[in-house]
Amino acid sequence: MAAAESAPERTDARPLKVRPPARKAARFWRGFIVPAAALLVWQLATSLGWVATASIPSPVSVVESWYEWVFGPVIPLAWYSGTWTAYALLSIRRVAAGFAIAAALGSSFGLLLGWYALVSDLFDGVINFLRAIPTTAWVPFVVFFFGIHEAAAISLIAFGAFFPIVTNIAAGARQTPRTLVRAARMLGTPPHKLLWRVVLPCALPTVFAALRIGLGLSWVLVIVAEMLAVQGGLGYALWAAYQVNRLDLIVAAIISVGLLGLVSDWALVQLAAVSLRWQRGLVGQ
Amino acid sequence: MSDPSIISCDRLGKTYLDNSGREVVAFEDISLEIARGDFVTVIGPSGCGKTSLLFMLAGFESKTSGAMLIEGEPIKGPGADRAVVFQEYALFPWLNLRRNIEYGPREKAMPRDEMRRKVDEMLDVVGLASAAERYPHELSAGMRQRAALARVLVNEPKILLMDEPFAALDAQTRLSLQRELSRLSQELALTVMFITHSVEEAVLLGDRILVMTARPGQIYADVAVNLPKPRDPTAHEFSDRRRDVEDLLKRASAQTGETISIPIIV
């Protein structure tokens with residue numbers, strides 16, 4: 001009876017359809033509304049004199065200096081002209097090297113720490129102590145140790161990003177469902193292969209979450225390192241611009257770092273999406 | 001005896017420490033012989049140690065007293081000869097259905113062609129051939145439990161240990177899986193130990209029903225069910241049997257292992 005009543009309603013209503021792809025595109029473009037509005041307000045504020053351009057540069061002046069920074073002629077000693085690509089590559093290379101070390105060591109050690117009680121007993125205290133020290137506190141030590149050298153920046157990034165990666169992955173590995181471990185044992189997996197067969201795949205979503213945190217921190221640390229410990233790179237430019245009161249270049253450098261961080265995070269998320277195909281639908285989109 | 005027991009427990013006991021460090025006796029002095037090809041269902045109040053008993057046979061938990069033998073050999077950890085089907089399916093969520101079923105054969109390093117053939121065969125047996133490339137979260141609960149069954153049967157186990165495998169399924173799916181299991185266990189001559197909290201299920205599937213007391217668990221009654229299979233739950237004999245077992249369970253729940261010593265054999 002209920003079905004008979006609801007049937008005519010269904011014919012009145014619009015036929016049920018899969019959400020058309022146009023909606024998806026519209027949703028994509030919607031994401032640009034707020035940034036565009038912010039840019040507009042910023043431009044109006046500076047061109048209408050709501051704020052002093054000495055304290056906030058106008059978007060136009062930022063774009064102009066940025067353009068020179070990227071495409072201008074390379075002049076000796078003029079770091080603000082034509083050096084952007086080289087500086088960006090320097091920063092990317094440092095992040096890539098430091099993050100790669102942190103990711104490799106952090107993931108493998110995190111899994112061991114989370115899975116083997118002995119490893120956890122031996123290292124938990126040390127790791128918690130080292131983790132409590134802000135990475136920036138190591139800067140003077142690192143500069144002393146390596147001098148003004150690439151190794152200083154890379155080791156600072158690797159060291160700083162290692163801890164959030166290791167602790168998050170260890171926490172993920174600790175939560176391996178006991179039933180899945182038992183299932184694997186019952187299907188013939190020997191104990192020493194459980195880490196590879198069960199613990200790692202189970203922890204994979206946590207591994208990617210941890211790597212994202214580590215990557216974000218790597219960008220923080222590359223800027224710190226370039227301000228204090230090494231020459232060249234976006235952090236170096238940022239500090240140099242500050243020293244000559246070039247607010248427009250400071251903003252250009254800040255936005256550059258933000259964009260690089262965004263792109264690298266996006267790349268990591270794409271990698272995660274491929275590796276975690278099996279998980280789609282379990283944890284939203 | 002012409003056919004020695006495949007599972008034999010002698011004065012088996014299990015004591016564990018609870019969270020506050022107190023000793024809890026799950027069960028004590030359980031003696032039990034299960035013959036090859038028997039389908040044994042175990043029923044009892046919650047906490048009576050029936051799952052512990054099952055997991056000890058699986059090799060997941062160790063005994064604290066007595067002896068427990070599989071084909072005359074003591075149990076040394078889990079093994080593919082004793083298949084376990086869990087209430088929560090325990091499929092590997094990162095593997096599709098085919099890869100889940102291939103898991104055991106891969107661990108044995110079975111040749112590719114043979115594995116392919118066996119897995120295809122098993123997918124047909126459980127009626128999941130068309131879902132082979134799907135991931136567990138894309139399957140219904142009934143399909144997942146079928147897959148879990150296929151995943152262990154492909155290893156040709158001697159013993160099938162099932163821990164309330166159908167408890168989380170809807171009535172319709174449960175009924176169809178019960179029928180399939182009943183058929184498969186006869187066809188493959190499996191020895192099955194099946195834990196349930198449903199008297200109807202115990203009577204529907206079991207050649208033998210073990211009724212356990214409250215903790216510390218003890219076997220209160222050992223009931224042989226001589227009705228022909230497949231059984232019809234609406235038949236008079238079935239209802240009579242079910243009423244008997246319900247009655248035994250009610251009495252068993254009021255008892256503990258300390259108040260009884262000799263199981264009632266029906």
Side-chain angles (χ1 to χ4, degrees), chain A residues 18 107-108 110-111 114-117 168-169 171-211 268-285, chain B residues 51 54-61 75-97 99-110 133-139 144 147-157 159-165:
Chain A
V18 179
S107 312
S108 28
L111 288 173
W115 183 240
Y116 292 109
N168 280 292
I169 291 177
R174 273 188 196 113
Q175 287 181 359
T176 310
R178 192 169 60 171
T179 312
L180 290 186
V181 173
R182 286 177 163 174
R185 293 282 288 119
M186 165 278 286
L187 292 167
T189 304
H192 67 274
K193 283 190 181 160
L194 286 172
L195 186 70
W196 185 248
R197 292 283 153 81
V198 182
V199 181
L200 174 62
C202 271
L204 217 49
T206 332
V207 168
F208 278 108
L211 291 182
L268 192 59
V269 170
Q270 296 310 305
L271 187 66
V274 173
S275 320
L276 301 177
R277 261 193 343 263
W278 54 272
Q279 214 203 13
R280 215 182 293 150
L282 284 183
V283 284
Q285 294 292 337
Chain B
T51 297
L54 191 87
F55 283 172
M56 283 159 73
L57 289 168
F60 300 150
E61 292 178 15
I75 293 168
K76 294 189 202 81
D81 59 327
R82 280 152 292 137
V84 184
V85 176
F86 301 89
Q87 186 183 339
E88 59 268 45
Y89 328 120
L91 293 169
F92 301 116
W94 58 90
L95 299 177
N96 68 22
L97 229 162
R99 294 290 295 234
N100 260 291
I101 301 173
E102 284 176 356
Y103 191 97
R106 274 175 195 274
E107 284 292 7
K108 275 193 293 187
M110 185 184 283
E133 310 309 321
R134 289 160 80 182
Y135 286 92
H137 78 261
E138 300 172 310
L139 305 173
R144 284 182 216 182
L149 197 57
R151 181 176 68 169
V152 295
L153 291 183
V154 76
N155 300 317
E156 294 167 4
I159 299 171
L160 191 53
L161 302 167
M162 309 183 84
D163 182 26
E164 302 193 17

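Below, chains carry the letters A, B, ... as their sequence lines are ordered, and counting in each starts from 1.
Both the backbone and the side chain of V198(A) come within contact range of chain B, with heavy atoms under 4.5 Å apart. Heavy atoms of R197(A) lying under 4.5 Å from chain B belong to its backbone as well as its side chain. Contacts of L91(B) with chain A are made by backbone atoms alone, with heavy-atom separations under 4.5 Å and no side-chain atom involved. Within the 4.5 angstrom heavy-atom criterion, atoms from both the backbone and the side chain of F60(B) approach chain A. Contacts between E61(B) and chain A at a heavy-atom distance below 4.5 Å involve the side chain alone, from C-beta outward. Proximity to chain B is absent for every atom of P177(A), based on heavy atoms less than 4.5 angstrom apart. Neither the backbone nor the side chain of R134(B) has a heavy atom closer than 4.5 Å to any heavy atom of chain A. For a residue to count as touching a neighbouring chain, one of its non-hydrogen atoms must lie under 4.5 Å from one of that chain's; by this rule Y89(B) does not touch chain A.
No side-chain heavy atom of V152(B) sits under 4.5 Å from any side-chain heavy atom of V84(B).
Between the side chain of N155(B) and the backbone N or O of A80(B) there is no donor-acceptor pair closer than 3.5 Å. Looking at T189(A), its side chain never comes within 3.5 Å of a backbone N or O of R185(A) through a donor-acceptor pair. Between the side chain of E138(B) and the backbone N or O of Y135(B), at least one donor-acceptor pair lies under 3.5 Å. A donor-acceptor pair under 3.5 Å is formed between the side chain of R82(B) and the backbone N or O of L57(B).
With values rounded to the nearest 0.5 angstrom, C202(A) atom SG is found 8.5 Å from F92(B) atom CZ.
The minimum heavy-atom distance linking N168(A) with T206(A) is given by the pair O-CG2, 3.4 Å.
Comparing R151(B), K108(B), R106(B) by how many heavy-atom pairs each has under 4.5 Å with chain A, the most go to R151(B).
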